[in-house]
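Per chain, numbering begins at 1; letters A, B, ... match sequence-line order. These numbers come from a predicted model, not from an experiment.
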Amino acid sequence: MREWAPWERAGRWRRGPLSSFFPEAIERSLLKKTRVRFAPSPTGYLHVGGARTALFNFLFAKHTGGEFIIRIEDTDRERSTGEFEEKLLEDLSWLGLKWDEGPGKGGDLGPYRQTERMDIYKEHALRLVAGKRAFPCFCTNEELDAKREEMKNAGAPPQYDGTCRHLTDVEREERRDRGLPESIRFSVEGEGDRTIADMARGDVSFPAGMVGDFVILRSNGLPTYNFAAALDDSLMKITHVIRGAEHLANTLRQVMIYDALGMQQPQFAHIPLILGEDRTKLSKRHGAPNIMDYRKKGYPAEAVVNYLAFLGWSTKGDSEILSMDDLIGEFELERVSDSPSIFDEAKLNWVSASHVRAGGSERYLDEATPFFPGAIRERYGAESLGKIFDILSDNLPSFSMIEHETDPFMPVPLSFDDDATAALEGCGELLKIFARSFAQLEPWDVEGIKQVIKDSGKEAGVKGKGLYMPLRAAVTGRGHGPDLTAILLVKGKDDVISALEAAGIA
RNA sequence: GUCCCCAUCGUCUAGCCAGGUCAGGACAUCGCCCUUUCACGGCGACAACACGGGUUCGAAUCCCGUUGGGGACGCCA
């Protein structure tokens, strides 16, 4: 029996039961390298919805051993800015979604900014006009708006009525002479029912006549989203288009374009939307949905990534705290859910706290250092700062919370809360004993500190809460907080004694 | 309005495609334990198949309808 070459194997057994012998990633790479893209428009900051889409694309690409491409869709001249583009890329980088081709990186199938691809759009639009699959349209916005309104009121779907579809050359020239704006519309004439194969949700069918003739080239010469995206996806050899479910109707238009142009179309996967708590599409109104906000608050990128991955997707396994590599290893489009999900900050906090706890100062101190109050940073060296971080990292969803948790580490408490004040009531003698015993402690280590506390308790005749609470209150100013011995250890002998003395006097 | 999509605990979800499990897990909430306190951790509780019809010995699972929600209907993406 002859040996099968690897590609023959993959091809031959792809559909058979033996395909399970070949990990999906290997099988795919043998057939065709996957290429996916994230194509944001630089009209705002990176939103959690967009970030999740980018992440799914990235995970799919890496899981299948393929490439992740960034393309900037900046054809909306009014709203696109270079600053947004910069921030978008910055957030993507921060999340760890490194692109193989795109802005700042290059690639063979660029340029990767749509405004730099104008010739391509024009050329293909003209091709469609020549083939009668598109036509010049001279309707003004005012006319279109009025007609749309009329149709809506009449209960009809508000779509283009075909006014300019069959204009003669003479009529077109006449309109050009009048200086009317000229756009190019795709003609849906002759289009029948369409079924789109979707990897995430199965086949989706649209009846004929669902969309009217739509603009592909605006009167200002810029292409519209559907035209530019379809063209670029094909030209950039994108194999899988993974995008939000709100694009389903756009996909319908785009497959029409592919067919009219005779271009090969990618496979599609529409992922469910992320909704706000009011169950409408997530937007600025819903609190802080920008990635940058979470970054500024000091959430570790891998925590945000981890949380986002589980919105609309799940693993076969039972662990929910996963690294990027874990996610890449486990990600499958087939496990993307069909129904929209709601962004839940409480769960993000838990995921994030879990990462921080596991990583500790070794992993996060550098990132977290800027979040420490100046007074703390001045007082402690890097090593002590690390110890403080480890004490706090028991339950620290975001580094911005450090600020409120470091009061116990101030040399002398700035204030005393109610519980602390109550605990200090009539404890002058105990505090004096503590101060005297600690002064004699050498070296300043855990065992010594514990011993001093015990001995002081014996001397004063108190134990338990009566012993620990006054000490905690005097040293931290709070009734609650992290492990007391750990606090005493980092603060150091001098500060502890000063605090005890200060509290004793007060 | 028209078209498309969706429907399991408060939230994220497993289970659905190839009907048979006390409908599983996680977050949140509450209780108990651990502990000087808080947290972590452990144990436990609460809590869901939207509704109505079929098909079937048997339906969360398949089919139809209803209701509800969402999305789309731009010279935005």
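- Using a 3.5 Å distance cut-off with no hydrogens or angles, the side chains of A:His247 and A:Tyr225 do pair a donor with an acceptor.
- Residue A:Asp483 is classed as a base contact, given a heavy-atom separation below 4.0 Å to a base.
- Side chains of A:His47 and A:Asn290: no donor on one and acceptor on the other come within 3.5 Å.
- The pairing partner recorded for B:rA60 is none, the criterion being a Watson-Crick or G-U wobble arrangement whose two distances lie under 3.5 angstrom.
- Residue A:Ser337 places at least one side-chain N or O under 4.0 Å from the OP1 or OP2 atom of B:rU13.
- Between B:rC46 and B:rG41, the two P atoms lie 22 Å apart (nearest whole Å).
- Considering only side-chain atoms of A:Ser341, the nucleotide from B:rC4, B:rU13, B:rU11 that sits closest is B:rU13.
- The ring of A:Tyr468 lies on top of the base of B:rU36, close enough and flat enough: under 5.5 Å between centres, under 30° between planes.
- Contact annotation for A:Pro158: base contact, defined as any heavy-atom pair under 4.0 Å involving a base atom.
- Below the 3.5 angstrom threshold, one finds a donor paired with an acceptor across the side chain of A:Ser219 and the base of B:rC75.
- A centroid separation of less than 6.0 Å is found between the aromatic rings of A:Phe331 and A:Trp313.
- Using P as the reference atom, B:rA14 and B:rC57 are 31 Å apart when rounded to the nearest Å.
- The side chain of A:Arg357 has B:rC40 as its nearest neighbour among B:rC40, B:rG25, B:rA14.
- Straight-line distance from the CD1 atom of A:Ile216 to the P atom of B:rG74: 16 Å, rounded to whole Å.
- The partner of B:rC16, taking Watson-Crick or G-U wobble pairs whose two distances both stay under 3.5 Å, does not exist in any strand shown.
- Residue contacts shown for A:Cys139 include a base, since a base heavy atom lies under 4.0 Å away.
- Residue A:Thr43 is classed as having no contact, given no heavy-atom separation below 4.0 Å to the nucleic acid.
- A salt bridge is absent between A:Asp390 and A:Lys387; no separation between the charged side-chain nitrogens and carboxylate oxygens falls under 4.0 Å.
- A donor-acceptor contact closer than 3.5 angstrom is absent between the side chains of A:Thr476 and A:Lys491.
- Between A:Met469 and A:Asp76, the one whose closest nucleotide on RNA chain B sits nearer the 5' end is A:Met469.
- Whole-Å rounding puts the A:Arg472 CZ to B:rU36 C1' distance at 7 Å.
- Candidate nucleotides B:rA39, B:rC38, B:rU36 were compared by shortest atom distance to the side chain of A:His480, and B:rC38 ranks first.
- For A:Phe206, whose side chain is taken as the heavy atoms from C-beta onward, the closest listed nucleotide among B:rU36, B:rC40, B:rC4 is B:rC4.
- Regarding contacts with the backbone of B:rC75, a side-chain N or O of A:Arg185 is found under 4.0 angstrom from either OP1 or OP2.
- Residue contacts shown for A:Leu273 are limited to sugar-phosphate atoms, with no base heavy atom under 4.0 Å away.
- Across every strand in view, B:rC75 sits unpaired, with no contact that passes the Watson-Crick or G-U test at under 3.5 angstrom.
- Atom C1' of nucleotide B:rU11 and atom CG of A:Asp278 are separated by 14 Å, given to the nearest angstrom.
- Within 4.0 Å (heavy atoms only), A:Arg77 reaches no atom of the nucleic acid at all.
- No side-chain donor from either of A:Asp418 and A:Thr421 sits under 3.5 Å from a side-chain acceptor of the other.
- Among the protein residues, A:Ser339 comes within range of the sugar-phosphate backbone only, with heavy atoms under 4.0 Å from sugar or phosphate atoms but none that close to a base.
- Counting to the nearest Å, the C1' atom of B:rC40 and the CG atom of A:Leu392 are 13 Å from each other.
- At whole-Å resolution of the value, CH2 in A:Trp350 and P in B:rC12 are 16 Å apart.
- Nucleic acid contact class of A:His270 (heavy atoms, under 4.0 Å, all strands): none.
- A donor and an acceptor atom sit less than 3.5 Å apart, one in the side chain of A:Asn250 and one in the base of B:rA77.
- Out of B:rC40, B:rC75, B:rA77, the shortest distance to the side chain of A:Pro181 is found at B:rC75.
- Considering only side-chain atoms of A:Thr280, the nucleotide from B:rG71, B:rC75, B:rU13 that sits closest is B:rG71.
- No cation-pi contact links A:Lys297 to A:Tyr299, judged by a cut-off of 6.0 Å to the six-membered ring centre and 45° from its axis.
- If you check every strand for non-hydrogen atoms under 4.0 Å, A:Lys465 touches sugar and phosphate atoms only.
- Remark: the A:Thr195 side chain and the A:Ser205 side chain contain an N/O donor-acceptor pair separated by less than 3.5 Å.
- Of the two residues contacting RNA chain B, namely A:Pro272 and A:Gln159, the nearest-nucleotide position lying further toward the 5' end is that of A:Pro272.
- B:rA14 atom C1' lies 14 Å from atom CG of A:Asp338, rounded to whole Å.
- Counting non-hydrogen atoms under 4.0 angstrom, A:Asn226 reaches nothing in the nucleic acid.
- If you measure from atom CD of A:Glu345 to atom P of B:rU11, you get 17 Å, rounded to the nearest angstrom.
- Residue A:Arg148 places at least one side-chain N or O under 4.0 Å from the OP1 or OP2 atom of B:rC75.
- Backbone-only engagement by A:Arg279 is indicated by non-hydrogen atom pairs under 4.0 Å involving sugar-phosphate atoms exclusively.
- Minimum atom distance to the side chain of A:Pro207 is reached by B:rC3, of the listed B:rA77, B:rC3, B:rC27.
- Counting any heavy atom pair closer than 4.0 Å across all strands shown, A:Glu320 reaches a base atom.
- Residue A:Gly244 is out of contact with every strand shown, counting any heavy-atom pair closer than 4.0 Å.
- When Watson-Crick and G-U wobble pairs are counted only if both distances are under 3.5 Å, B:rA50 pairs with B:rU66.
- A gap of 10 Å separates the C1' atoms of B:rC62 and B:rC17, to the nearest Å.
- Residue A:Leu311 is in sugar-phosphate contact alone, with no base atom involved, counting any heavy-atom pair closer than 4.0 Å across all strands shown.
- Comparing atom distances between the A:Asn395 side chain and each of B:rC75, B:rC40, B:rU13 picks out B:rC40 as nearest.
- To the nearest angstrom, P of B:rA26 lies 16 Å from CG of A:Asn306.
- Pairing partner, B:rU55: none, since no Watson-Crick or wobble contact has both distances short of 3.5 Å.
- Looking at the side chain of A:Arg201, the nearest of the listed nucleotides B:rU36, B:rC75, B:rC5 is B:rC5.
- Taking atom P in both B:rG58 and B:rU21, the straight-line distance is 14 Å, to the nearest Å.
- Using P as the reference atom, B:rC63 and B:rG25 are 28 Å apart when rounded to the nearest Å.
- For the residue pair A:Asn306 / A:Glu302, no side-chain donor-acceptor distance below 3.5 Å is found, with atom types taken as modelled.
- In the interface, the side chain of A:Lys316 is not paired with the base of B:rA14 through any donor and acceptor atom under 3.5 Å apart.
- Taking 4.0 angstrom as the limit, A:Arg335 places a side-chain polar atom (N or O) nearer than this to OP1 or OP2 of B:rG15.
- Within the shown strands, B:rU29 is the pairing partner of B:rA45 under the Watson-Crick or G-U definition, both distances less than 3.5 Å.
- Partner assigned to B:rU37 is none, using Watson-Crick or G-U wobble distances below 3.5 angstrom.
- Of the N and O atoms on the side chains of A:Ser339 and A:Ser337, not one donor lies less than 3.5 Å from an acceptor on the other residue.
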